[in-house]
Amino acid sequence: MLFVVCLCVEVCVLMYFELKTWKTLYTPLMFLVLPYLAILLLTIIVSGKFGFVDFYYPSIMLWIIGLPIFAIPSFVLGTLTQRAKLPLNSTVKNQNMPKLLSWIAVVLCVLFIYRVYSYTGSSRYYIGSDDFGLEFAGQGIWGHLRIITLPLLIASIYFVDRKNRWLWIVIFFFLFVGVLYNVKGWMIIPCIAGLALRLYTKKTRLRISTVLFTLVGGFLVFLFAYLVLPMIAAEKEEVTVEMLDYVFAHFFHYLTSGTFGLSMDMQLGFPDSGDFEILWAPIINLINAISGNIAKEGIVSPINPFYYNTGINLTNVRTFFGTLFIYTDFFQFVVYLLLSSTIMYFLKLATIKWNNIYVYVIYFFECGLLAMGWFEFYYFHLVVFELPVIVVLLCFAERIMYTKYSRKMCCKENGLEKI
């Protein structure tokens with residue numbers, strides 16, 4: 001248990017310095033470490049019980065080594081910001097959801113209603129399967145449209161209130177699209193981002209009820225994906241005890257698949273060690289596609305082909321630091337962590353400089369990816385690069401619309417409409 005004690009002490013120290021540096025715990029480092037610590041403790045509780053394999057404690061060392069390296073840019077940039085007497089935090093200046101985002105959300109809802117209606121009846125795959133999800137919204141134009149729903153979901157979660165109850169329809173429908181796509185991480189991450197943004201701006205207070213509501217909501221989504229949709233596909237009407245046991249077992253398997261995956265991988269000596277280029281898979285694939293070499297070079301896939309049986313089911317995920325470790329040497333490991341952490345904390349500074357909803361959506365989405373670090377390293381997926389580009393384009397589009405509207409109103413007030 002020395003590894004666990006060392007990690008807990010390290011987390012306490014990092015929390016102290018992070019809070020002293022930034023005056024808040026809504027920082028990239030805390031998004032990365034706190035969820036992992038909670039899942040690690042859960043992993044230890046179920047280790048060797050309920051059908052799970054034993055946990056290999058030395059696997060914690062990668063996190064003990066990686067976290068202080070990731071923290072260095074935080075303390076450097078935070079200290080420089082304090083010395084320059086600049087503000088360390090801000091809030092979202094947008095009081096209501098921008099009209100452009102509202103209209104796009106409505107249009108996407110209509111488009112995906114058509115997609116659900118036209119595709120579910122004609123698909124050769126059953127609803128809830130990976131193949132169904134991939135064809136439904138995992139590739140082509142529908143895959144890109146689904147990615148656009150992610151920032152809109154974050155914004156909708158932030159802006160929903162008594163005056164904007166209609167946003168609940170958008171939230172539930174986009175989550176339904178995510179359930180049909182059947183990749184739970186891309187449902188969880190925008191929800192984490194939207195809720196964290198509400199907590200950060202104090203639109204929602206952090207209470208025990210908030211935590212319980214979030215956990216229950218996550219389990220209900222899991223229940224819908226693993227029980228309700230398969231029952232609909234199989235045309236079953238009764239829920240059996242075996243079916244509930246299956247859902248609960250896979251729920252805990254999902255939560256512990258990253259920690260157990262890294263544990264088993266280290267025990268076996270990391271047989272899945274690969275090339276550094278896998279971490280840059282989306283950029284390499286994009287360059288090859290533009291240059292016309294995609295047919296010659298092939299697609300670089302970030303999906304780990306090594307699956308381990310944790311006792312409940314198979315896993316091919318290794319947590320944030322585990323996946324980063326197997327595709328790097330020590331020098332690359334350190335440099336990548338320093339570079340990625342620096343970018344994340346510059347994003348935090350960007351939220352202070354341009355405190356609009358668009359910058360906050362990008363920042364908290366990236367923090368949401370870190371919050372899933374207990375599961376996997378998400379930064380080798382195209383959506384990590386595509387979503388910020390989409391959000392920036394939306395920001396410019398809204399600014400252009402606002403500028404034209406302001407000029408029109410100014411001319412109208414001064415009697416210059418004809419001119």
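Note that the structure is a prediction, hence the values are computed from the model and not measured.
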Student: Check whether Thr21 reaches the backbone of Glu18 with its side chain - one donor and one acceptor, N or O, closer than 3.5 Å.
Tutor: no
Student: Say you draw a straight line from CZ of Phe136 to CZ of Phe112; how long is it, rounded to the nearest 0.5 Å?
Tutor: 6.0 Å
Student: So that I know where these two stand, are Phe320 and Tyr378 an aromatic pair - ring centroids less than 6.0 Å apart?
Tutor: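 Aromatic pair excluded; centres sit 6.0 Å or further apart.
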Student: Check whether the ring centres of Tyr246 and His250 lie less than 6.0 Å apart, and answer yes or no.
Tutor: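 Yes, the ring of Tyr246 comes within the 6.0 Å limit of the ring of His250, centre to centre.
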Student: Side chains of His381 and Pro302, heavy atoms from C-beta outward: is any pair under 4.5 Å?
Tutor: yes
Student: Give a yes or no on whether the ring-centroid distance for Tyr360 and Phe365 is below 6.0 angstrom.
Tutor: no
Student: I'd like to know if Asp131 and Arg124 make a salt bridge, using a cut-off of under 4.0 Å between side-chain N and carboxylate O.
Tutor: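 Salt bridge flag = no for Arg124 with Asp131.
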Student: Do the two ring centres, one from Tyr181 and one from Trp186, sit under 6.0 Å apart?
Tutor: no
Student: Could you give the distance from CG (Leu338) to CD1 (Ile343), rounded to the nearest 0.5 Å?
Tutor: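 Going from the CG atom of Leu338 to the CD1 atom of Ile343 covers 11.5 Å.
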Student: Can you confirm whether Ile299 is buried at CD1, in the sense that more than 12 heavy atoms of other residues, nucleotides or ligands lie under 6.0 Å from that atom?
Tutor: no
Student: Does any part of the side chain of Met344, heavy atoms only, come nearer than 4.5 Å to the side chain of Ser74, both counted from C-beta?
Tutor: no
Student: Over 60° means perpendicular and under 30° means parallel, so classify the ring planes of Phe333 and Phe330, tilted if in between.
Tutor: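 Phe330 and Phe333: parallel rings.
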Student: Please report the shortest heavy-atom distance between Ser59 and Leu262, naming the atom on each side.
Tutor: O-CD2, 3.7 Å
Student: With a sphere of 6.0 Å drawn around CD1 of Ile303, does it hold more than 12 non-hydrogen atoms of other residues, nucleotides or ligands?
Tutor: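 No, CD1 of Ile303 has 12 or fewer neighbouring heavy atoms, counting only those of other groups under 6.0 Å.
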Student: Would you say Glu135 and Tyr119 make side-chain contact, with heavy atoms under 4.5 Å?
Tutor: yes
Student: Testing the basics here: between Leu347 and Ile362, what is the closest heavy-atom pair and its distance to 0.1 Å?
Tutor: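 Minimum heavy-atom separation between Leu347 and Ile362: CD2-CG2, 4.0 Å.
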Student: Indicate yes or no for a side-chain donor-acceptor contact from Asn356 to the backbone of Val359 under 3.5 Å, with no hydrogens or angles considered.
Tutor: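 Here the side-chain-to-backbone pair exists.
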Student: Rounded to the nearest 0.5 Å, what separation is found between the CG atom of Leu67 and the CG atom of Leu37?
Tutor: 10.0 Å
Student: Compute whether any side-chain donor of one residue and acceptor of the other, for Glu386 and His144, lie under 3.5 angstrom apart.
Tutor: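 Yes, a side-chain donor-acceptor pair sits under 3.5 Å.
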Student: So Ile192 and Cys367, do their side chains get closer than 4.5 Å, heavy atoms only?
Tutor: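 A side-chain contact under 4.5 Å is absent here.
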Student: When you compare the side chains of Asn285 and Asn288, does any donor N or O come within less than 3.5 Å of an acceptor on the partner?
Tutor: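 Asn288 and Asn285 do not have a side-chain donor-acceptor pair below 3.5 Å.
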Student: For a quick check under 3.5 Å, do Gln332 and Tyr327 share a side-chain donor-acceptor pair by atom type?
Tutor: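 There is no such pair (donor and acceptor under 3.5 Å, judged by atom type) between the side chains of Gln332 and Tyr327.
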Student: Which atoms form the tightest heavy-atom contact between Tyr379 and Leu369, and what is the distance?
Tutor: OH-CB, 3.6 Å
Student: Does the Asn355 side chain pair with the main chain of Thr91, one donor and one acceptor, at a distance under 3.5 Å?
Tutor: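 Checking the backbone N and O of Thr91 against the side chain of Asn355, a donor-acceptor pair under 3.5 Å is found.
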Student: So for atom NZ, which belongs to Lys20, do other residues, nucleotides or ligands contribute more than 12 heavy atoms lying within a distance under 6.0 Å?
Tutor: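 Incorrect, the count does not exceed 12.
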Student: May I ask you to check whether over 12 heavy atoms, not counting those of Leu215, lie within 6.0 Å of atom CG?
Tutor: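 For Leu215, atom CG is crowded (more than 12 foreign heavy atoms under 6.0 Å).
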Student: Once rounded to the nearest 0.5 Å, what's the spacing between atom NZ of Lys348 and atom CZ of Phe364?
Tutor: 7.0 Å
Student: Can you check whether Ile39's main-chain N or O pairs, donor with acceptor, with Thr43's side chain at less than 3.5 Å?
Tutor: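 Checked: pair present.
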Student: If we ignore hydrogens and angles and just use 3.5 Å, is the side chain of Asp161 paired with the main-chain N or O of Asn164 as donor and acceptor?
Tutor: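 Yes; at least one donor-acceptor contact below 3.5 Å.
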Student: For Phe276, is the CZ atom crowded, meaning more than 12 foreign heavy atoms sit under 6.0 Å from it?
Tutor: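 Yes.
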Student: Can you tell me if Thr319 and Trp63 form a side-chain donor-acceptor pair at under 3.5 Å?
Tutor: yes
Student: Keeping the roles fixed (side chain from Arg83, backbone from Leu80), state whether a donor-acceptor pair exists under 3.5 Å.
Tutor: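 No: the side chain of Arg83 does not pair with the backbone of Leu80.
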Student: Looking at Tyr345 versus Trp22, is the centre-to-centre ring distance below 6.0 Å?
Tutor: yes
Student: If only atom types and distance count, is the side chain of Arg198 paired as donor or acceptor with the main-chain N or O of Val160 below 3.5 Å?
Tutor: yes
Student: How about Leu101 and Pro98: do any of their side-chain heavy atoms sit closer than 4.5 Å?
Tutor: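 Yes - at least one pair of side-chain heavy atoms lies under 4.5 Å apart.
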Student: Considering the options Thr259, Asp272, Thr323, which one meets the side chain to side chain donor-acceptor pair (under 3.5 Å) requirement together with Arg318?
Tutor: Asp272
Student: Is the distance between the ring centroids of Tyr336 and Phe331 under 6.0 Å?
Tutor: no
Student: So, Phe270 versus Phe325, ring centres under 6.0 angstrom or not?
Tutor: yes
Student: Is Ser156 close to Met97 at the side-chain level, that is, under 4.5 Å between some pair of heavy atoms?
Tutor: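 Met97 vs Ser156: side chains touch.
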Student: Indicate whether any N or O donor in one side chain lies under 3.5 Å from an N or O acceptor in the other, for Tyr358 and Asn94.
Tutor: no
Student: Would you say that more than 12 heavy atoms from the other residues, nucleotides or ligands in this model lie under 6.0 Å from the CZ of Phe219, or not?
Tutor: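 Yes, the 6.0 Å shell around CZ holds more than 12 heavy atoms from other groups.
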Student: Assess the pair Phe260 and Tyr308: is the distance between their ring centroids shorter than 6.0 Å?
Tutor: no
Student: State, yes or no, whether a side-chain contact exists between Val317 and Trp374 at a heavy-atom distance under 4.5 Å.
Tutor: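 The answer is no; the side chains never approach within 4.5 Å.
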Student: Considering non-hydrogen atoms only, spot the tightest contact between Gln82 and Leu88 and give its length.
Tutor: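 What the structure gives for the nearest pair is NE2-CD1, 3.8 Å.
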Student: Does Phe252 have more than 12 heavy atoms from other residues, nucleotides or ligands lying within 6.0 Å of its CZ?
Tutor: no
Student: With a 6.0 Å cut-off on the ring centroids, do Phe385 and Trp280 count as close?
Tutor: no
Student: Using a 4.5 Å cut-off on heavy atoms from C-beta on, say whether the side chain of Cys191 contacts that of Leu175.
Tutor: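 Contact flag for Leu175/Cys191 side chains = yes.
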Student: If we ignore angles and hydrogens, is there a donor and acceptor under 3.5 Å between the side chains of Lys163 and Asn96?
Tutor: no
Student: Is there a donor-acceptor pair closer than 3.5 Å between any side-chain N or O of Tyr200 and the backbone N or O of Ser90?
Tutor: yes
Student: For Tyr125, does the OH atom have more than 12 heavy-atom neighbours from other residues, nucleotides or ligands under 6.0 Å away?
Tutor: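 Check passes, neighbour count above 12.
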Student: Determine the sole option in Leu19, Val11, Val13 for which the side chain to side chain contact (heavy atoms under 4.5 Å, CB included) test with Met15 is passed.
Tutor: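 Result: among Leu19, Val11, Val13, Val11 is the only option passing the side chain to side chain contact (heavy atoms under 4.5 Å, CB included) with Met15.
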Student: Output the distance between atom CG (Asp54) and atom CD1 (Ile44), rounded to the nearest 0.5 Å.
Tutor: 12.0 Å
Student: How long is the gap from CG on Asn316 to CD on Glu376, to the nearest 0.5 Å?
Tutor: 7.0 Å
Student: Got a sec, which residues hit ring-ring contact (aromatic ring centres under 6.0 Å, His included) with Phe70, two or more places apart in sequence or on another chain?
Tutor: none
Student: Over all heavy atoms of both residues, which pair between Phe159 and Lys203 is shortest? Give the atoms and the distance, please.
Tutor: CA-NZ, 3.8 Å
